[in-house]
2 protein chains.
Amino acid sequence: MSIARSRSVTISDVAQTAGVSRAAVSKVIRNAYGVSPAMRVRVEAAIAELGYRPSVAARALRGSSYRLALEIPWVGARFMTQIVEGAQLAVDGTPYQLVLAPAEGHAYGTLESMADGMVDGIIAIAPLTDPEWLEAFAARVPVVMIGRHDHPRGYDTVVGDDVGGANAVMDHLLGLGHRRIVHLTEPETVTAPGSGTPHSVRLQVYRDRMATAGLSDLVEVVRRDDSRAGTLAATRELLARDDRPTAIFAGHDDIAMDALAGVAAAGLTGRVAVTGYDDTDLAQHPLIDLTSVDQQGVEMGARAATMLLERLQGRTEPRRHVATATLRVRGSSGRVVS
Amino acid sequence: MSIARSRSVTISDVAQTAGVSRAAVSKVIRNAYGVSPAMRVRVEAAIAELGYRPSVAARALRGSSYRLALEIPWVGARFMTQIVEGAQLAVDGTPYQLVLAPAEGHAYGTLESMADGMVDGIIAIAPLTDPEWLEAFAARVPVVMIGRHDHPRGYDTVVGDDVGGANAVMDHLLGLGHRRIVHLTEPETVTAPGSGTPHSVRLQVYRDRMATAGLSDLVEVVRRDDSRAGTLAATRELLARDDRPTAIFAGHDDIAMDALAGVAAAGLTGRVAVTGYDDTDLAQHPLIDLTSVDQQGVEMGARAATMLLERLQGRTEPRRHVATATLRVRGSSGRVVS
DNA sequence: GCCTCACTGTAGACCGTTCTCCGCAGCCCT
DNA sequence: AGGGCTGCGGAGAACGGTCTACAGTGAGGC
């Protein structure tokens, strides 16, 4: 038995087997113009016989890699599942392959790394990225950003209707008679006013609605800790007070899970309303039964991918898709304030 | 203002700016032998000045891409979060970048696609892949498989102690006095006897333990449906029977979530014991409080990545890591059978 | 019978790296 | 002084595709 290194089969091997030029083989696999039926048959037979697969690296060097990157801040975030599912759906049936790029810490490194010739385009969820930097980046590689409220020139955006969604939450809670409503959200960096992140918008709506309801002095914003323990502690402390909140408006479902854990730890399950955002599969689970805002994550992912594909077709003017937000009322907020 | 296409800066530009050859620049960025301190300084200055970044495609064509792929069956699976986190940890600090490849349907296409020159090595979670095919595949690109009980020649494996874990679950449930224990698991394809998948092993242990406990005629295996609704219906039907099970041993935590939903829908919450597997973050949530088996997912991911890095260093003999399995008893199974 | 033209297929440059030689100094050793 | 050796840097061939130009060929128009 030969220890022969299994050197992979190249386009030259196929060309030789089929008795044609490399260029001809290239044309066939790219479905390019100028191929006779007879040649196509012969080349395809040779490809099948040899089990030839084009090298992505070689392709990418001159043409395209047929890979799209989807950069995600953290794989564990439930919302990501929806985005990924949608993007995958949109990419299915095209020659493109979706790869996920988890960003460790800041997204810049990951984004640049992806752009270094490995992918033809990038979908990114990176709320904290500097707009100027992004514009420059998007000049180099096609980009679609998810969850940004800015109006860029060089890339597309897909974003939820955070104003509508947050208002729906506040409508709901205020309508139930809640006054001590606390907003549990991401750390300050993610919610800086005017930063255009979804969470900054939701926070602003919270403040506004509290103000117009005459509840300005009851406004309370609690930041989520990166550690679950920290968030839990903050929540417990909050709930230990005499004037404890009767409702918690959480920035998204994962945060809401922490809130629910805190409420449970304080022995107050069912006595403090909790709402989430994103309507993840967890929210629908009977043991969680979380009121949440459905912003069509799957649709968002699909739209983002579709937009990116359009850009790869040549479109350059920026486009923007705003997903509708719909409140899904469930048990976690269902009890009217006693 | 120039509409100049921002052609990215190449190694030639750097070489020209620094007044050296391309080969010299290449040596510097690869930290290769044969570089004087003086030249290094000049080259690095030029790199910084021009903002040069090596093209991954060009690198991959000749050398390596410095990318590792982690193929995952479904992004939504909670267990994946642990694996990814661990792998990322192990890769941090190395020149390698981790990319995630979601497999749509069968893994073969995704794996081949990744191997087509885009990555230097592959970590895969693909229980259903044919061993022979895998051996051939692994001859082409370094591979580490997660969750396979076979003993391959050409690739490494990281697997949990499914025998120990499943036995711990059965010990626990039998010890609590349960007799009508049903096993809720994946579809048959994933649990075929002798297939070596974790779920086939857990199933076998379940059967064996039921048999040795003299409960052979109470053995009941329910298959999970891909659709949540289907699983829910099956569970409800199960629980509607007169001789309904008093305990459900679920194949993993996501399945256990379905089981809990079914139990809740039947109005039996707290009266049917449910156990999961993987000890995901959900299991630890107070509202779920799921007894589960901790098989150190993070450690498994890290070990897989480390093994792959070793292979890239030149190791060829196959290695195998078996993660210990520890039962974490929580409320979902805590009540002794009445 | 000649010119044009559409259709096929090929030759060969090119993409941006890596990597294997190879040359050139300068130094030490005999 | 001649002959290695060592340390540094460069030339140039890969790598496996894509793509632009161009050559050949037969048909159709005049």
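Excluded from the calculations below are hydrogen atoms, water molecules and symmetry mates; all remaining heavy atoms, backbone and side chain alike, are included. Keep in mind that what you see is a predicted model, and the values were worked out from it rather than measured. Chain A is the first sequence line, chain B the second, and so forth, proteins listed ahead of strands; every chain is numbered from 1.
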Colleague: Taking atom P of dC15(C) as reference, at what distance in whole Å does atom CE of Met118(A) sit?
Modeller: 23 Å
Colleague: As a test of reading the structure: which of dG17(D), dT17(C), dG10(D) is closest to the side chain of Ala23(B), going by heavy atoms?
Modeller: dG10(D)
Colleague: How would you label the contact of Ala24(B) with the nucleic acid (heavy atoms, under 4.0 Å): base, sugar-phosphate, or nothing?
Modeller: sugar-phosphate
Colleague: Calculate the interatomic distance between Asp13(A) atom CG and dG16(D) atom C1'; express it in whole Å.
Modeller: 10 Å
Colleague: So, is Ser36(B) near the phosphate of dC8(D), with a side-chain N or O under 4.0 Å from OP1 or OP2?
Modeller: no
Colleague: Could you tell me whether Asp156(A) and Arg311(A) have a side-chain N and a carboxylate O separated by less than 4.0 Å?
Modeller: yes
Colleague: dG9(C) P sits how many Å from Tyr33(A) OH, rounded?
Modeller: 11 Å
Colleague: Could you tell me whether the phosphate oxygens of dG16(C), OP1 or OP2, come under 4.0 Å of any side-chain nitrogen or oxygen in Thr10(B)?
Modeller: no
Colleague: Tell whether Arg59(B) reaches the base of dT17(C) with its side chain through a donor-acceptor pair below 3.5 angstrom.
Modeller: no
Colleague: Any idea which of dT18(C), dG17(D), dG16(C) is nearest the Arg62(A) side chain?
Modeller: dG17(D)
Colleague: Atom CG of Leu61(A) and atom C1' of dT18(C): how far apart are they, to the nearest Å?
Modeller: 12 Å
Colleague: Between Arg30(B) and dC19(C), is there a contact of a side-chain N or O with OP1 or OP2 at under 4.0 Å?
Modeller: yes
Colleague: Nearest whole angstrom, please: distance from the C1' of dT17(C) to the CG of Asp116(A).
Modeller: 13 Å
Colleague: Roughly how many Å is it from OH in Tyr52(B) to C1' in dG16(C), rounded to a whole number?
Modeller: 7 Å
Colleague: To the nearest Å, give me how far apart CD1 (Ile29(A)) and P (dG17(D)) are.
Modeller: 7 Å
Colleague: Hey, does Ser55(A) reach any base, or is it just sugar-phosphate, or nothing, if we go heavy atoms under 4.0 Å?
Modeller: sugar-phosphate
Colleague: Just by distance, do the side chain of Thr306(A) and the backbone of Ala302(A) share a donor-acceptor pair under 3.5 Å?
Modeller: yes
Colleague: Measure from NZ on Lys27(A) to P on dA11(C) and round the result to the nearest Å.
Modeller: 12 Å
Colleague: Would you mind checking if Arg53(B) and Asp116(A) are paired as a salt bridge, meaning a charged N to carboxylate O distance below 4.0 Å?
Modeller: yes
Colleague: Would you tell me whether Ser26(B) and Arg30(B) have side-chain atoms, one donor and one acceptor, within less than 3.5 Å of each other?
Modeller: yes
Colleague: Remember a base hit wins even if backbone is also touched, and classify Val25(A) as base, sugar-phosphate or nothing at under 4.0 Å, heavy atoms.
Modeller: nothing
Colleague: For Asp13(A), is there any backbone N or O sitting under 3.5 Å from a side-chain donor or acceptor partner on Thr17(A)?
Modeller: yes
Colleague: Would you mind telling me which residue lines up with the more 5' stretch of DNA chain D, Ala58(B) or Ser21(B), judged by nearest nucleotide?
Modeller: Ser21(B)
Colleague: Considering heavy-atom distances to DNA chain D, does Ala57(A) or Pro37(B) have its closest nucleotide positioned more toward the 5' end?
Modeller: Pro37(B)
